[in-house]
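Working notes, structure below.
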Amino acid sequence: MAMSGATLTDKTIQDFYDLKMNKKYDFMFIVTTRPDYKFMETSHVEPTDESTPNRELFNKMKNMLNDEDPVYIVFAVKYDLQEGGQRGKLVLISWIPENCKLKERMVSASSKVYLKSKLDGVAEESFHATNMGELDYDEIISTISKGKAASS
């Protein structure tokens with residue numbers, strides 16, 4: 001259980017494993033239920049689309065966010081290596097916009113460590129953003145690849 005008291009729903013855990021193991025989704029959103037904030041559940045899953053470049057999927061994900069509702073995002077990052085080959089990692093992004101209510105901001109912040117511990121297989125590095133400018137695809141790729149990604 002998170003410090004906030006919220007727990008992941010079984011469906012959210014299943015959605016995560018479908019993203020991780022079965023490659024059914026490119027990304028998913030996890031929110032804390034209102035008004036009691038007792039559960040963390042999937043609010044959106046994006047079906048896998050191999051024909052869409054990863055950067056475009058990232059931009060699509062960004063366009064789905066709003067500036068009032070906090071959400072956790074699990075995104076399947078894919079990148080090419082400088083020495084050849086391709087890698088993929090799951091990243092956890094906490095989107096806690098500046099305009100969200102104080103209680104929602106506090107609940108979201110106090111749930112991150114719990115959530116990360118339950119999402120086995122997400123990258124060690126996690127990201128936090130409060131405005132769209134902080135959601136930078138190139139920065140995420142550079143951090144996740146430890147500078148080994150090919151220029152895009």
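What you see is a predicted model, and the numbers here were worked out from it, not measured in a lab.
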### Query
Are L119 and K20 close enough, and set up right, to give a side-chain contact (heavy atoms from CB on, under 4.5 Å), and what steps lead you there?
CA-CA 9 Å; L119 301 180; K20 176 184 167 186; over 6 Å; no

### Message
Assess the residue pair F16 and V122 against the criterion (side-chain contact (heavy atoms from CB on, under 4.5 Å)); give the C-alpha distance rounded to whole Å, side-chain angles, the decisive distance to 0.1 Å, and a yes or no.
### Response
CA-CA 10 Å; F16 172 73; V122 296; 3.9 Å; yes

#### Entry: Verdict with supporting geometry, K112 and H128, side-chain contact (heavy atoms from CB on, under 4.5 Å)
CA-CA 10 Å; K112 185 174 183 178; H128 175 79; 4.2 Å; yes

### Task
Step by step, work out the side-chain contact (heavy atoms from CB on, under 4.5 Å) result for E98 and N131.
CA-CA 7 Å; E98 297 165 346; N131 64 61; 3.6 Å; yes

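Across every non-hydrogen atom of V107 and S110, the tightest pair is O-OG, 3.1 Å. Among all heavy-atom pairs drawn from T42 and V45, the shortest one is CG2-CG1, 3.6 Å. Heavy atoms only, all atoms of each residue included: Y72 and A109 are closest at OH-N, 4.1 Å. Minimum interatomic distance between S108 and P70 (heavy atoms only, all atoms of both residues): OG-CB, 3.3 Å. Scanning both residues, L57 and F27, for their nearest heavy atoms gives O-CE2, 3.8 Å.
Side-chain contact between Y114 and M40: present, with at least one pair of heavy atoms (C-beta onward) separated by less than 4.5 Å. By the 4.5 Å heavy-atom criterion applied to side chains, T33 and E41 are counted as neighbours. In this structure, M132 and W95 have side chains that are in contact, with non-hydrogen atoms separated by less than 4.5 Å. Side-chain contact between I144 and F127 is present, with heavy atoms from C-beta onward closer than 4.5 Å. Two residues are said to be in side-chain contact when any heavy atoms from C-beta on lie closer than 4.5 Å; D26 and K78 meet this criterion. Considering only heavy atoms from C-beta on, S111 stays 4.5 Å or farther from Y37 through its side chain. Residues F29 and L65 form a side-chain contact, since some pair of their non-hydrogen atoms from C-beta on lies under 4.5 Å apart. Using a 4.5 Å heavy-atom threshold, the side chains of I140 and I93 count as touching.
For the atom pair OG1 of T7 and CD1 of I13, the computed distance is 8.5 Å after rounding to the nearest 0.5 Å. We find the CD-CG distance between Q14 and N22 to be 7.5 Å, quoted to the nearest 0.5 Å. Between atom CD1 of residue I30 and atom CG of residue L92 there is a gap of 7.5 Å, rounded to the nearest 0.5 Å. In this structure, T130 OG1 and L135 CG are separated by 9.0 Å, a value rounded to the nearest 0.5 Å. To the nearest 0.5 Å, atom CD of residue E104 and atom CD of residue E68 are 9.0 Å apart.
Residues forming a salt bridge (Lys or Arg N to Asp or Glu O under 4.0 Å) with E46 (at least two apart in sequence, or on another chain): K60. Residues satisfying the salt bridge (Lys or Arg N to Asp or Glu O under 4.0 Å) test with R87, not counting sequence neighbours, are none. For K148, the side chain to side chain contact (heavy atoms under 4.5 Å, CB included) test picks out L81, with sequence neighbours left out. Scanning for salt bridge (Lys or Arg N to Asp or Glu O under 4.0 Å) contacts around K116 gives an empty result, with sequence neighbours left out.
The aromatic rings of F58 and F75 sit perpendicular, their planes meeting at an angle over 60°, well past the 30° parallel limit.
Judged as a salt bridge (Lys or Arg N to Asp or Glu O under 4.0 Å), the pairs with a partner in residues 122-134 (not counting sequence neighbours) are, in order, E125-K146. For the salt bridge (Lys or Arg N to Asp or Glu O under 4.0 Å) condition, the pairs that include at least one residue of residues 7-18, sequence neighbours left out, are K11-D15, D18-K24.
In this structure, L115 is not a member of the same hydrophobic cluster as F39, with clusters built from ILVMFWY side-chain heavy atoms closer than 4.5 Å.
Here the side chain of S142 pairs no donor or acceptor atom with the backbone of D138 at under 3.5 angstrom. In this structure, T48 contributes its side chain and K23 its backbone to a donor-acceptor pair below 3.5 Å. Side-chain atoms of R105 do not come within 3.5 Å of backbone N or O of I96 as any donor-acceptor pair. Between the side chain of K118 and the backbone N or O of L8, no donor-acceptor pair lies under 3.5 Å.
One side chain, N54 or Y137, offers a donor N or O that lies under 3.5 Å from an acceptor on the other.
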